[in-house]
Amino acid sequence: MKPAPTTASHPAAILAIILVSYFMILLDNSVIFTALPSLQEDLQLSTGELSWVQDAYTLVFGGLLLLGARAGDLLGRRRVFVFGLVVFSIASLLIGLAPAGWWAIAGRAVQGIGASIVAPASLSLLTASFPEGRERTRAVTLYGATAGIGASLGLVMGGALAHWTSWRAGFFVNVPIGVAMIALAPRFIPETGRARGRFDLLGALSATLGVGGLVFGIINTIDAGWSSPVTLTAVSAGVVLLGVFVLTERRAAQPIMPLRLFASRRRTGAYVARFLYLGAMIGFFFFTTQFMQEVLGFDPLQAGIGFLPMTAVNFVVAMSIPRLTGRMPGSIPLVAGILITLAGMFWLSRVGVDSAYLTGVALPMILIGAGQGLAFAPLTSFGIIGAPPSDAGAASGLVNTFHQIGTCLGLGIAVAAAATVPATGSAAAHLAAEVSAALTTGSVLLLLALGVTAALILPADVAARRTATLPGRTPQPESAR
């Protein structure tokens, strides 16, 4: 049984609640970067323990996304959405109060549980609340813009709060926001219908453990490398379990991830392109932050403010997407966005120990921000386009799953590339060379994302738009595109 469609009687309020909630979880995915040095000093963490403050969140978030998405389809998306907000808000409070490193790491894992519920539920609620057409295009555009702006603004806020007060403030700020969203969601967001059925238990376990094993193995490469027995075992187990998951989904009567979602070339291309694009962007955030603080001598506040050129341009460009997609296929801004991001990334990868902020960092960031503004909304909309209401949660879960795994794998690849730089010269010169190697690798990932977009999304999208605009022509089914 398909979930009953809902009508958005308070569209502005619904959109605001969804976007603020999504922004909150994205903020905590990046707010920690510029605050890491002060957190490490306060809690007396080793380098390995410090990495797990971020990795515990990413591991659980990525591992439970498909399960969280399916829970929304079966139990009601608003109900699950509110539950996820409760978990995330309580975890944020506990992290802010953390007396020791293990407490902060455990709290981040619990935060990941909440985020794995909120992220897919927010996107599926958006598609359920806004009918296809101009309203949904605008809503998805704002959702996609939130993904880019939340990540970059988190760096600004993390640096500012760590500099002015404490790293803890970045987590405390979630509590009043979360409480407000928990109170407002039942009032304004209508509940979606509950699909009859049961959880695909084998699929849920194999997906969760498979993605979790893959993410854990990738994370472990940062400290132990790709040849580590732990890395190889975790990645191998993850791949095997994901193979079991695919076989299970082919036979399941009510799969947690309907394989029919991959019948669309546009959706499949969007998932893979998002994976590659985010893989490049996480390396940019991780290494550019270090470059500004360790090479340019910025403090956390200055490093956060250093990302403002990208954030401002990102927002301005993202707001133009609804007008652009009304005049041309959405794949055109997507291709342009990836190209512009690639140009900015390659420019930034040329930094050295003598680079100036304006010409070496700020100007390339403007290109990266413009590219993000163009790319994120189409990547999101193509990931859910044509999915039936009963599969909205699964499609939303896949968008976020490829997002999270892309960041994990991208960071592992970037760190591995940086590790190939020989330790010669001063510490600042060595770090600058590592940043250059990592961002050059990010440029390669963006080039691959461009190829996927040109091969899968662009031709299918242009054909679909041409068919839809011809008089007397019946649009092709999504599986044919």
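A quick note: this is a predicted structure, and the numbers were derived from the prediction, not measured.
Annotation: cation-pi pair Arg108/Tyr57 present, NZ/CZ under 6.0 Å from the ring centroid and within 45° of its normal.
Note that CG of Leu142 and CZ of Phe315 are 8.0 Å apart. Values are rounded to the nearest 0.5 Å. A distance of 13.5 Å separates CG in Leu125 from OH in Tyr22, rounded to the nearest 0.5 Å. Rounding to the nearest 0.5 Å gives a distance of 11.5 Å between CD1 of Ile117 and CZ of Phe81. Summarising the geometry, atom CZ belonging to Phe287 is positioned 8.0 Å from atom CG belonging to Leu439; distances are rounded to the nearest 0.5 Å. Atoms OG and CD1, from Ser122 and Ile14 in turn, are 13.5 Å apart once rounded to the nearest 0.5 Å.
In this structure, Thr231 contributes its side chain and Trp226 its backbone to no donor-acceptor pair below 3.5 Å. A distance-only check finds no donor-acceptor pair linking the side chain of Arg78 to the backbone of Ala185 [under 3.5 Å]. When atom types are taken as modelled, the side chain of Gln40 and the backbone of Leu45 share a donor-acceptor pair closer than 3.5 angstrom. Here the side chain of Asp461 pairs no donor or acceptor atom with the backbone of Arg266 at under 3.5 angstrom. Judged by distance alone, with hydrogens and angles left aside, the side-chain atoms of Ser129 form no donor-acceptor pair with the main-chain N or O of Leu126 at under 3.5 Å.
In this structure, Arg138 places its CZ atom where only 12 or fewer heavy-atom neighbours from other residues, nucleotides or ligands lie under 6.0 Å away. For Phe275, the CZ atom is densely surrounded, since the number of other residues' heavy atoms within 6.0 Å is greater than 12. Taking a 6.0 Å sphere around CZ of Phe172, one finds it holds more than 12 heavy atoms contributed by other residues, nucleotides or ligands.
Side-chain contact between Leu334 and Leu374 is absent, with no heavy atoms from C-beta onward closer than 4.5 Å. In this structure the side chain of Phe83 never reaches within 4.5 angstrom of the side chain of Leu75, judged on heavy atoms. Looking only at side-chain heavy atoms (C-beta outward), Leu458 and Ile332 come within less than 4.5 Å of each other. The shortest distance between side-chain heavy atoms of Val452 and Ile457 does not fall below 4.5 Å. Proximity of Leu19 to Tyr143: side-chain heavy atoms (C-beta onward) are separated by under 4.5 Å at one or more points. With contacts defined as side-chain heavy-atom distances shorter than 4.5 Å, the pair Leu94/Val110 does not qualify. Looking only at side-chain heavy atoms (C-beta outward), Thr208 and Leu66 stay at 4.5 Å or farther from each other. Under the 4.5 Å side-chain criterion, counting only non-hydrogen atoms from C-beta, Leu43 is in contact with Trp167.
The salt bridge (charged side-chain N to carboxylate O under 4.0 Å, His left out) test applied to Arg168 returns Asp42, not counting sequence neighbours. Contacts of Asp200 classified as salt bridge (charged side-chain N to carboxylate O under 4.0 Å, His left out), with partners at least two apart in sequence or in another chain: none.
There is no side-chain donor-acceptor pair under 3.5 Å between Thr341 and Gln372. Using a 3.5 Å distance cut-off with no hydrogens or angles, the side chains of Arg274 and Thr380 do pair a donor with an acceptor.
The minimum heavy-atom distance linking Leu65 with Pro120 is given by the pair CD2-CD, 3.6 Å. A pairwise comparison of heavy atoms in Gly397 and Ala69 identifies CA-CB, 3.7 Å as the closest pair.
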